[in-house]
Amino acid sequence: MASGIEVFTPVSHTLFDPADIINKNGGRPPLTYQSFIAIAGEPPAPIFEEYSELPPVGDTGEYELLPVPTVEELGYGDISQEEIPPFRGGETEALRRMKASLQDKEWVAKFEKPKGDPSGFLKPATTVLSPYLKFGCLSSRYFYHCIQDVYRSVRNYTKPPVSLSGQLLWRDFFYKVFFGTPNFDQIKGNKICKQIPWSENEELFVAWRDGRTGYPWIDAIMIQFIHWEKGRDVFERLLIDSDWAINNGNWLWLSCSSFFYQYHRIYSPITFGKKYDPNGNYIRHFIPVLKDMSREYIYEPWTAPLSIHKKAKCIICKDYPKPVVDHDTASKECRKRMGEAYASNRLDSNSSKGKPSNLSRRKWSHGDHGASNSSIAKLLRTSRSE
DNA sequence: TTCCGGTTGGTATA
DNA sequence: TATACCAACCGGAA
């Protein structure tokens with residue numbers, strides 16, 4: 001590859017062809033990871049082609065080709081003023097990072113997603129290759145098959161969905177569901193999304209968006225129960241690896257609107273982080289005003305006596321906010337409303353099931369087979385801008 | 001209609 | 001570190 005430009009086939013953005021998977025599933029997207037895996041089988045091998053110059057763009061059908069958008073058009077101002085993230089772009093850098101990640105075969109073989117430490121920021125518990133996948137610098141098929149090479153060279157290795165290859169399959173899963181689901185990024189008109197009357201408190205939303213909730217762990221990572229479409233928009237703007245299908249998929253998941261429904265399992269903004277990072281290093285790093293708070297109170301500084309605040313040079317309400325909501329009250333309220341919404345969704349589902357028409361909530365009517373025009377437009381827009 | 005299994009909870013207990 | 005329990009969800013298979 002020394003002389004030519006190395007180019008992967010465009011379809012390598014995902015492991016499988018979305019339309020193919022949906023056809024094999026009777027025109028509907030698979031709604032569980034397990035059913036997706038059962039239909040999908042083994043991903044095809046990547047295809048390598050060498051070009052001396054960039055190949056022409058193929059037939060885009062009725063969609064017109066647009067020039068690459070400028071930084072300003074993407075909604076960013078003067079980027080010279082912004083901090084440059086530690087990610088160099090491009091395929092060469094992507095391949096270098098991938099090879100570095102896969103070099104530690106034992107780490108690859110033992111990778112098990114939920115067990116990784118989510119508070120690891122100096123030494124992340126993942127490959128951090130997602131920005132390269134998102135921007136099309138790294139072929140998911142090539143990555144997948146390189147992982148398989150590692151598996152073949154070791155005795156034992158973890159399996160999907162928790163393994164490293166399983167992560168690539170999750171990524172594909174969300175692409176397939178999005179491709180076959182009109183209005184995937186909305187509550188309204190989205191057949192797989194629970195209709196839940198989310199709180200639209202603007203003050204709470206802004207406090208969360210700006211990291212001012214008063215819960216140090218939350219403010220350091222920004223997770224909260226709020227109208228998921230708004231949280232999704234914030235992440236779309238802030239995440240360097242923001243991927244349309246995965247961002248929406250994960251917000252649907254964590255808001256118990258789709259894919260995952262055990263809404264009684266509610267994260268604690270205090271204990272969840274403590275489990276991985278009892279000293280609060282993650283908080284101390286990203287919220288410097290709390291860096292000298294004692295270990296005992298770092299996750300709930302508002303409970304500390306004034307003497308502790310003074311000693312840490314961080315007075316609650318003055319230097320750092322007190323919690324915007326009482327977690328116990330807010331989570332109980334959330335759970336209650338979720339329960340009501342679920343009951344109401346069940347009612348709707350049952351009443352339409354009785355009718356002989358094709359209006360049943362979970363049946364895809366004939367016109368919905370495959371992706372809607374707007375879904376395809378979004379796919380094109382996504383892949384073009386990425 | 002029933003049953004099973006589900007990447008990522010919290011708490012109490014051994 | 002591992003397990004039972006909490007209360008009970010859903011999609012999909014049988």
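Throughout, a chain's letter reflects where its sequence line sits, starting with A, and its residues are numbered from 1. Quick note: numbers below take in every heavy atom, side chains included, and nothing from hydrogens, waters or symmetry partners.
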If I take atom [atom1] in residue [X] and atom [atom2] in nucleotide [N], what distance separates them, rounded to the nearest angstrom?
X         : N       : atom1 : atom2 : value
Ile266(A) : dT11(B) : CD1   : C1'   : 15 Å
Met338(A) : dG9(B)  : CE    : P     : 14 Å
Ile196(A) : dC10(C) : CD1   : C1'   : 13 Å
Phe174(A) : dT8(B)  : CZ    : C1'   : 12 Å
Lys113(A) : dG6(B)  : NZ    : P     : 18 Å

For DNA chain C, produce a single dot-bracket line, 5' to 3'. Pairs: Watson-Crick or G-U wobble, both distances under 3.5 Å. Symbols: ( ) within strand, [ ] crossing, | other strand, . unpaired. ||||||..||||||
Under 3.5 Å between N/O atoms: give me all the protein pairs with nucleotides 12-14 of chain C, atom names plus distance.
{"from": "dG12(C)", "atom 1": "OP1", "to": "Leu31(A)", "atom 2": "N", "distance (Å)": "3.3"}
{"from": "dG12(C)", "atom 1": "OP2", "to": "Arg28(A)", "atom 2": "NH2", "distance (Å)": "3.3"}

Considering non-hydrogen atoms only, spot the tightest contact between Leu74(A) and Pro69(A) and give its length. CD2-CG, 4.0 Å
Under 3.5 Å, which donor-acceptor pairs link side chains of residues 315-324 of chain A to any protein atom two or more places apart or in another chain?
{"from": "Asp319(A)", "atom 1": "OD2", "to": "Ile315(A)", "atom 2": "N", "distance (Å)": "2.7"}
{"from": "Tyr320(A)", "atom 1": "OH", "to": "Asp219(A)", "atom 2": "OD2", "distance (Å)": "2.5"}

Sticking with atom P, work out how far dG6(B) lies from dA8(C), rounded to a whole angstrom. 22 Å
Using the P atom as the reference point in each nucleotide, state the distance between dT13(B) and dA7(C) in Å, no decimals.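 Here dT13(B) and dA7(C) have their P atoms 16 Å from each other.
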Salt-bridge test for Lys230(A) and Asp233(A): reply yes if a basic N is under 4.0 Å from a carboxylate O, no otherwise.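 Result for this pair is no, no salt bridge flagged.
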Counting only heavy atoms and a strict 4.0 angstrom limit, can you tell me which residues of residues 270-283 of chain A come near DNA chain B?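 Thr271(A), Phe272(A), Lys275(A) - these, ordered by number, are the residues of the stretch whose heavy atoms sit under 4.0 Å from the strand.
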Taking DNA chain B as the partner, which of residues 153-168 of chain A come within under 4.0 angstrom of it by heavy atom? Pro161(A), Val162(A), Gln167(A)
For [X], all residues meeting salt bridge (charged side-chain N to carboxylate O under 4.0 Å, His left out), sequence neighbours excluded:
X         : result
Asp241(A) : none
Arg335(A) : none
Asp326(A) : none
Glu106(A) : Lys110(A)

With the criterion being N/O to N/O and under 3.5 Å, what pairs connect the protein with nucleotides 6-9 of chain C, and how long is each?
{"from": "dC9(C)", "atom 1": "OP1", "to": "Arg346(A)", "atom 2": "NH1", "distance (Å)": "3.4"}

Cut-off 3.5 Å, side chains only: do Asn247(A) and Arg232(A) have a donor facing an acceptor?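 The answer is no; no qualifying pair exists.
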Kindly say whether Leu15(A) contributes a backbone atom to a donor-acceptor pair with the side chain of Tyr175(A) at under 3.5 angstrom?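 Side chain of Tyr175(A) to backbone of Leu15(A): no pair is present.
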With a 4.5 Å limit on heavy-atom distance, are the side chains of His145(A) and Asp149(A) in contact?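 No - every pair of side-chain heavy atoms lies 4.5 Å or more apart.
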Rounded distance [0.5 Å steps], CH2 in Trp107(A) versus OG in Ser101(A):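 One finds 5.5 Å between CH2 of Trp107(A) and OG of Ser101(A).
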Give, for atom CH2 of Trp228(A) and atom CD of Gln186(A), the distance between the pair rounded to the nearest 0.5 Å. 8.0 Å
I'd like a table of donor-acceptor pairs (distance under 3.5 Å, sequence neighbours excluded) in which one partner is a side-chain atom from residues 287-305 of chain A, with atom names and distances.
{"from": "Tyr299(A)", "atom 1": "OH", "to": "Gly273(A)", "atom 2": "O", "distance (Å)": "3.2"}
{"from": "Tyr299(A)", "atom 1": "OH", "to": "Asp277(A)", "atom 2": "O", "distance (Å)": "2.6"}
{"from": "Thr303(A)", "atom 1": "OG1", "to": "Glu300(A)", "atom 2": "O", "distance (Å)": "2.7"}

Table please: side-chain donor-acceptor pairs of residues 115-126 of chain A below 3.5 Å, with sequence neighbours left out.
{"from": "Asp117(A)", "atom 1": "OD1", "to": "Ser119(A)", "atom 2": "N", "distance (Å)": "2.8"}
{"from": "Asp117(A)", "atom 1": "OD1", "to": "Ser119(A)", "atom 2": "OG", "distance (Å)": "2.7"}
{"from": "Asp117(A)", "atom 1": "OD2", "to": "Ser119(A)", "atom 2": "OG", "distance (Å)": "3.4"}
{"from": "Thr126(A)", "atom 1": "OG1", "to": "Val128(A)", "atom 2": "N", "distance (Å)": "3.4"}

Plane angle bin for Phe205(A) and Trp208(A) - parallel if under 30°, tilted between 30 and 60°, otherwise perpendicular: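 Tilted: the ring planes of Trp208(A) and Phe205(A) meet at 30° to 60°.
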Report the relative orientation of the aromatic rings in Phe259(A) and Phe174(A); use parallel for angles under 30°, tilted for 30 to 60°, perpendicular for over 60°.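 The arrangement is perpendicular - the two ring planes meet at more than 60°.
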